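Worksheet for the structure shown next.
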Amino acid sequence: MMANLWKKQKLKDTGLCRLGILFAITVSIVLMLVSVPRTALNRTTINQDDLDELDKDLEVKLNASLLRVARGNGMSLRLHRRNHFSPRNLDLYPNLAKDHVVIVLYVHNRAQYFRVTVESLSKVKGISETLLIVSHDGYFEEMNKIVDGIKFCQVKQIFSPYSPHIFRTSFPGVTTSDCKNKGDEAKTHCIGNPDQYGHHRSPKIVSLKHHWWWMMNTVWDGLEETKRHEGHMLFIEEDHFLFPNAYRNIQTLTRLKPAKCPDCFAANLAPSDVKSRGEARESLVAERMGNVGYSFNRSVWENIHQKAREFCFFDDYNWDITMWATVFPSFGSPVYTLRGPRTSAVHFGKCGLHQGKGDDGDCIDNGVVNIEVKETDKVVNIKEEWGVRVYKHQAGYKAGFKGWGGWGDERDRSLCLDFATMYRSSSSSASP
């Protein structure tokens, strides 16, 4: 009799235990499902549901932190909100290496190019140790889906809330009252200042310079993940192919730079002549800073930031020509970059402006980029014992060049200046 009672009690206890476990599992699943929308926040789409989930106080703060020019644009607010998402793949790569070089990849809408660049990045040795930031000029779902597939490192997306591509009827996009043709300002009551050649702004052209300047201010001063980063950041575009040794080489160059070239402002993965693959000599090279695979640290950014007016008022829609012709010369000494004797990055774009596509789609040969990767491109091919060959008086844009124009409108210049202060001043925006 006692044995039967004991047996019944044991069965009862076992049943309660199982019920408790089942209850705990159920609660865990429910909590997980509830938390997913709060953390993932439908990252692959942008829709009104995203805004509806916002805490009203947070929504007010986010809207207030936008420059005035974008506060009435719903897409700007949604993109601005997405810029506050945490990096992806934290579960796969929870920690960054102590000496990591942040990689910033800025893109527009050339998806075919972008896929090639991402595929090359996936084969770069050491890529899992760092943070990849993808900066978008506008929102394009095909580009967004490519980022969704990145699983080889931490990755964070940022979108310019001020891209002309998301403003359909107002500045920085096109407005009905904008001057369009040369001489319009004298004939009509249109809005806009011509450039030095008499031409009026084209939003898809000025977006090049706007995006670069917004991105620089954002990654150095605005993002929680990088605004305290003192080391180097490496900048690449959607039509740059990186060799497998690119990351280890840039780490080596940034480590050697203080001793090998203390006057160098930057380190580059490629020669300033984009058609060159390097000299293949056993020597480091100090030359003018190029625009393919360039990197610099916070102290250099501070020097650049101090020249915001020079950058924003130079009448050229190209960020790089603006830097070469007015910003770098204002530093008072030659701006050298340190690189190896063989390139670790290649520019393969054929369209020119990163404004998008040619008449027949992306400018790419049959959808394939044929870049030979040799064995030496798979390992660090920079030696610490090498000396430095200095290239002086190189050809290229320099002080005295007056610019190609396209950047004469006072509205663009004002917005550009606003980007320089949006993370450093609590005062309201002066932009239109």
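What you are looking at is a predicted structure, and each value in this text was computed from that prediction instead of being measured.
Trp386 CH2: more than 12 foreign heavy atoms inside a 6.0 Å radius. Summarising the local packing, NZ of Lys398 is surrounded by more than 12 heavy atoms from other residues, nucleotides or ligands at distances under 6.0 Å. More than 12 heavy atoms of other residues, nucleotides or ligands shown are found within 6.0 angstrom of NZ on Lys180. More than 12 heavy atoms of other residues, nucleotides or ligands sit less than 6.0 Å from atom CZ of Arg277.
Taking NE2 of His108 as the start and NZ of Lys204 as the end, the distance is 9.5 Å to the nearest 0.5 Å. In this structure, SG on Cys312 lies 4.0 Å from CG on Leu417, to the nearest 0.5 angstrom. In this structure, the separation between CZ on Arg413 and CG on Asp418 is 14.5 Å, given to the nearest 0.5 Å. Rounding to the nearest 0.5 angstrom, the gap separating the CG atom in Leu338 from the CG atom in Leu253 is 5.0 Å. Separating the CG atom in Asp178 from the OG atom in Ser170 is a distance of 10.0 Å, to the nearest 0.5 Å. Residue Arg115 holds its CZ atom at 10.0 Å from NZ of Lys145, rounded to the nearest 0.5 Å.
Here the closest non-hydrogen pair linking Val101 and Thr130 is O-OG1, 2.7 Å. Closest non-hydrogen pair, Ser120 versus His240, comes out as OG-O, 4.3 Å. Minimum interatomic distance between Ala345 and Thr343 (heavy atoms only, all atoms of both residues): O-OG1, 2.5 Å. Closest approach of Trp301 and Asp221 over heavy atoms only: NE1-OD2, 3.4 Å. Closest approach of Ser344 to Ala246, counting heavy atoms only: O-CB, 3.7 Å. Shown here for Asn245 and Lys378, the closest heavy-atom pair between the two residues is CB-C, 4.0 Å.
Note: Phe235 and Phe296 meet the aromatic proximity criterion, with ring centroids under 6.0 Å apart.
At a threshold of 4.5 Å between non-hydrogen side-chain atoms, the residues Leu79 and Ile158 do not count as touching. By the 4.5 Å heavy-atom criterion applied to side chains, Ile191 and Phe171 are not counted as neighbours. Side-chain atoms of Thr117 and Glu237, non-hydrogen and from C-beta on, never get closer than 4.5 Å to each other. Side-chain atoms of Asn73 and Leu66, non-hydrogen and from C-beta on, never get closer than 4.5 Å to each other. Val390 is not listed as a side-chain neighbour of Val285, based on a closest heavy-atom distance of 4.5 Å or more. Using a 4.5 Å heavy-atom threshold, the side chains of Lys156 and Val134 count as separate. Contact annotation: the side chain of Val69 approaches that of Pro172 to within less than 4.5 Å [non-hydrogen atoms, C-beta and beyond]. At a threshold of 4.5 Å between non-hydrogen side-chain atoms, the residues Thr254 and Ser295 count as touching.
Side chain to side chain, Tyr106 and Trp214 fail the donor-acceptor criterion of an N or O pair below 3.5 Å. Side chains of Ser65 and His80: a donor-acceptor N/O pair is present below 3.5 angstrom, by distance only. Side-chain contact, Tyr139 with Ser163: no donor N or O sits under 3.5 Å from an acceptor N or O. Of the N and O atoms on the side chains of Glu129 and Asn95, not one donor lies less than 3.5 Å from an acceptor on the other residue. Between the side chains of Glu310 and Ser330, no donor-acceptor pair of N or O atoms lies under 3.5 Å. With no hydrogens or angles considered, a side-chain donor-acceptor pair links Thr337 and Asn268 at under 3.5 Å. Looking at His200 and Glu185, their side chains do bring a donor and an acceptor atom within 3.5 Å of each other.
Look at Arg88 and Glu225 and you find no salt bridge, because none of the NZ, NE, NH1 or NH2 atoms lies under 4.0 Å from a carboxylate O. Electrostatic pairing of Arg411 and Asp409 counts as a salt bridge here, judged by a charged N lying under 4.0 Å from a carboxylate O. Remark: Glu384 engages Arg255 in a salt bridge, criterion side-chain N to carboxylate O under 4.0 Å.
Under the side-chain contact (heavy atoms from CB on, under 4.5 Å) criterion, Val335 pairs with Phe265, Phe328, Phe331, not counting sequence neighbours.
Using a distance-only test at 3.5 Å, with no hydrogens or angles considered, no donor-acceptor pair links the side chain of Asp320 to the main chain of Met323. For the pair Asp316 (side chain) and Asn318 (backbone), a donor-acceptor distance under 3.5 Å is present. Distance alone, capped at 3.5 Å, places no donor-acceptor pair between the Arg288 side chain and the Gly396 backbone. Checked by atom type and distance alone, the side chain of Asn89 never pairs as donor or acceptor with a backbone atom of Gln154 at under 3.5 Å. In this structure, His211 contributes its side chain and Leu208 its backbone to no donor-acceptor pair below 3.5 Å.
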Exercise for the section: With side-chain hydrogen bond (donor to acceptor under 3.5 Å, both in side chains) as the test, would you mind laying out the steps for Tyr317 and Thr322 before giving the verdict? Expected result: CA-CA 8 Å; Tyr317 62 86; Thr322 299; over 6 Å; no

Problem - Full working for side chain to side chain contact (heavy atoms under 4.5 Å, CB included) between Ile236 and Leu105 - result: CA-CA 5 Å; Ile236 58 176; Leu105 168 57; 3.8 Å; yes

Practice task
Evaluate side chain to side chain contact (heavy atoms under 4.5 Å, CB included) for Asp137 paired with His210, printing each intermediate quantity in order.
Solution key: CA-CA 9 Å; Asp137 182 16; His210 276 314; over 6 Å; no

Exercise for the section: Any chance you could lay out the side chain to side chain contact (heavy atoms under 4.5 Å, CB included) test for Val124 and Arg248, step after step, and finish with the verdict? Expected result: CA-CA 9 Å; Val124 169; Arg248 294 300 185 213; over 6 Å; no

Practice task
Run the numbers on Lys383 and Glu282 for salt bridge (Lys or Arg N to Asp or Glu O under 4.0 Å), then give the verdict.
Solution key: CA-CA 8 Å; Lys383 302 293 179 63; Glu282 292 191 347; 5.8 Å; no

Exercise for the section: Applying side chain to side chain contact (heavy atoms under 4.5 Å, CB included), run through Ser76 and Phe167 and close with a yes or a no. Expected result: CA-CA 9 Å; Ser76 291; Phe167 288 79; 3.3 Å; yes

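Of the options Asn381, Asp377, Asn249, a side-chain hydrogen bond (donor to acceptor under 3.5 Å, both in side chains) to Arg342 is made by Asp377 and by none of the others. Among Trp212, Trp220, Trp213, Tyr162, the one residue that satisfies the ring pair (Phe, Tyr, Trp, His ring centres under 6.0 Å) test with Phe419 is Tyr162.
Judged by the 6.0 Å distance and 45° axis criteria, Lys209 is positioned over the aromatic ring of Phe311. A cation-pi arrangement is absent between Arg201 and Trp407, since the terminal nitrogen or guanidinium carbon is not both under 6.0 Å from the aromatic centre and inside a 45° cone about the axis.
The aromatic rings of Phe241 and Phe243 sit perpendicular, their planes meeting at an angle over 60°, well past the 30° parallel limit. Using the six-membered ring where Trp is involved, His136 and Phe159 have ring planes that are parallel, under 30° apart on the 30 and 60° scheme.
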